[in-house]
K.L.:
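Pasting a structure here, questions to come.
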Amino acid sequence: MELLDIEEIRDAIEMLKKFEANLPSVKYIDYFMDGIDTLNDYLADHPETPHKNFINNQKVAYTRRVLQFLKSIDSSDFSSWINVFFALFKSNDEIEKLSESNPDLKKDYDDFIEEWKETPELSGFASKLSKVK
C-alpha cells in the first residue's frame, strides 16, 4: 500500500498543505491543528507503521512553518495569539526538537509565548510551553 493511499495520512497532509498555503494568516491555524491531530491519531492507532518516520518528519516540518511565521503574528491580538498558542501546545515535542537545532526559532517562540504567558488563565499552559529546551 502506497503511503498516500492511506486516507488518514493523505487527509492530514492535505490539511497541513492548506494551512501552509494560507500563511501568514492565523485564520487557517485550525488546518494545522487538525492535520497534526490526524497524524497523531494515526500513530496511536498504528504504532508499528512503516510510515512512522515520514509522519514524524511531516509533523516537524509543518511545526517549523508555524514557528517561522510567529514574528508576523500580531500577538497583541489575544484571539490570534490564543489560536496559535493552542496549535503550538499540540506540537511540544516537535518544538523541542526544532529548538535544539535552531536558536533563532527558539527565540521567536520564546518571544511569542512571553506576550501573554502571565495571563492568569494561561499561566499554567504557557509555563509548560516555555520549558521547551
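All values below come from the heavy atoms of this structure, side chains included, with hydrogens, waters and symmetry mates left out.
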K.L.:
Would L16 and L39 count as a side chain to side chain contact (heavy atoms under 4.5 Å, CB included) if you check the C-alpha gap in whole Å, the side-chain angles of each, and the deciding distance to 0.1 Å?
P.N.:
CA-CA 10 Å; L16 292 167; L39 292 176; 3.8 Å; yes

K.L.:
For the residue pair I55 and I9, what are the closest heavy atoms and their distance?
P.N.:
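Where I55 meets I9 most closely, the heavy atoms are CD1-CD1, 3.8 Å.
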
K.L.:
Would you find a donor on one side and an acceptor on the other, under 3.5 Å apart, between the side chain of N22 and the backbone of S25?
P.N.:
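Checked: no pair found.
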
K.L.:
If I take atom CG from residue D41 and atom NE2 from residue H46, how far apart are they, to the nearest 0.5 angstrom?
P.N.:
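It is 11.0 Å, given to the nearest 0.5 Å.
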
K.L.:
How close do K90 and N40 get, heavy atom to heavy atom, and via which atoms?
P.N.:
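Here K90 and N40 meet closest at O-ND2, 4.3 Å.
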
K.L.:
Give, for atom CG of N83 and atom NZ of K27, the distance between the pair rounded to the nearest 0.5 Å.
P.N.:
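That separation rounds to 12.5 Å.
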
K.L.:
Measuring from D37:CG to E8:CD, what's the distance to the nearest 0.5 Å?
P.N.:
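The CD atom of E8 is 13.5 Å from CG of D37, to the nearest 0.5 Å.
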
K.L.:
Could you walk me through whether K59 and L43 pass the side chain to side chain contact (heavy atoms under 4.5 Å, CB included) check?
P.N.:
CA-CA 12 Å; K59 290 170 35 180; L43 286 175; 4.1 Å; yes

K.L.:
Is it true that D111 and K107 make a salt bridge, defined as a side-chain N closer than 4.0 Å to a carboxylate O?
P.N.:
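K107 and D111: salt-bridged.
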
K.L.:
Please report the shortest heavy-atom distance between V60 and K97, naming the atom on each side.
P.N.:
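The pair with the smallest heavy-atom distance is CG2-CD, 4.3 Å.
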
K.L.:
If you measure from OH on Y42 to CD on E7, what distance do you get to the nearest 0.5 Å?
P.N.:
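So the gap between those two atoms works out to 11.5 Å.
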
K.L.:
Which heavy atom in L88 sits nearest to a heavy atom in I95, and how many Å separate them?
P.N.:
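Answer, listing the atom of L88 first, then I95: O-CD1, 3.5 Å.
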
K.L.:
For a ring-ring contact (aromatic ring centres under 6.0 Å, His included) with F19, tell me which candidate from Y62, F32, Y28 qualifies.
P.N.:
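Only one of Y62, F32, Y28 forms a ring-ring contact (aromatic ring centres under 6.0 Å, His included) with F19, namely F32.
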
K.L.:
Quick one: are F54 and I13 in side-chain contact, heavy atoms under 4.5 Å?
P.N.:
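Contact flag for F54/I13 side chains = yes.
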
K.L.:
Could you give the distance from OG1 (T38) to CD (E14), rounded to the nearest 0.5 Å?
P.N.:
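Going from OG1 on T38 over to CD on E14, the span is 11.0 Å.
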
K.L.:
When rounded to the nearest 0.5 angstrom, what distance separates OH in Y31 from CD1 in I36?
P.N.:
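Reported value, rounded in 0.5 Å steps: 15.5 Å.
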
K.L.:
Applying salt bridge (charged side-chain N to carboxylate O under 4.0 Å, His left out) to K106 and D110, what does each step give before you reach the verdict?
P.N.:
CA-CA 6 Å; K106 171 70 170 137; D110 289 342; 2.9 Å; yes

K.L.:
Locate the shortest heavy-atom distance separating F86 from M33; write the atom from each residue and the value.
P.N.:
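So the minimum-distance heavy-atom pair works out to C-SD, 4.0 Å.
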
K.L.:
What are the two closest non-hydrogen atoms of M15 and G35, and how far apart are they?
P.N.:
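For M15 versus G35, the nearest heavy atoms are SD-N, 3.9 Å.
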
K.L.:
Taking atom CZ of F112 as the centre, report whether more than 12 heavy atoms of other residues, nucleotides or ligands fall under 6.0 Å from it.
P.N.:
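Above 12, so yes.
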
K.L.:
Can you check whether I73's main-chain N or O pairs, donor with acceptor, with W81's side chain at less than 3.5 Å?
P.N.:
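Here the side-chain-to-backbone pair does not exist.
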
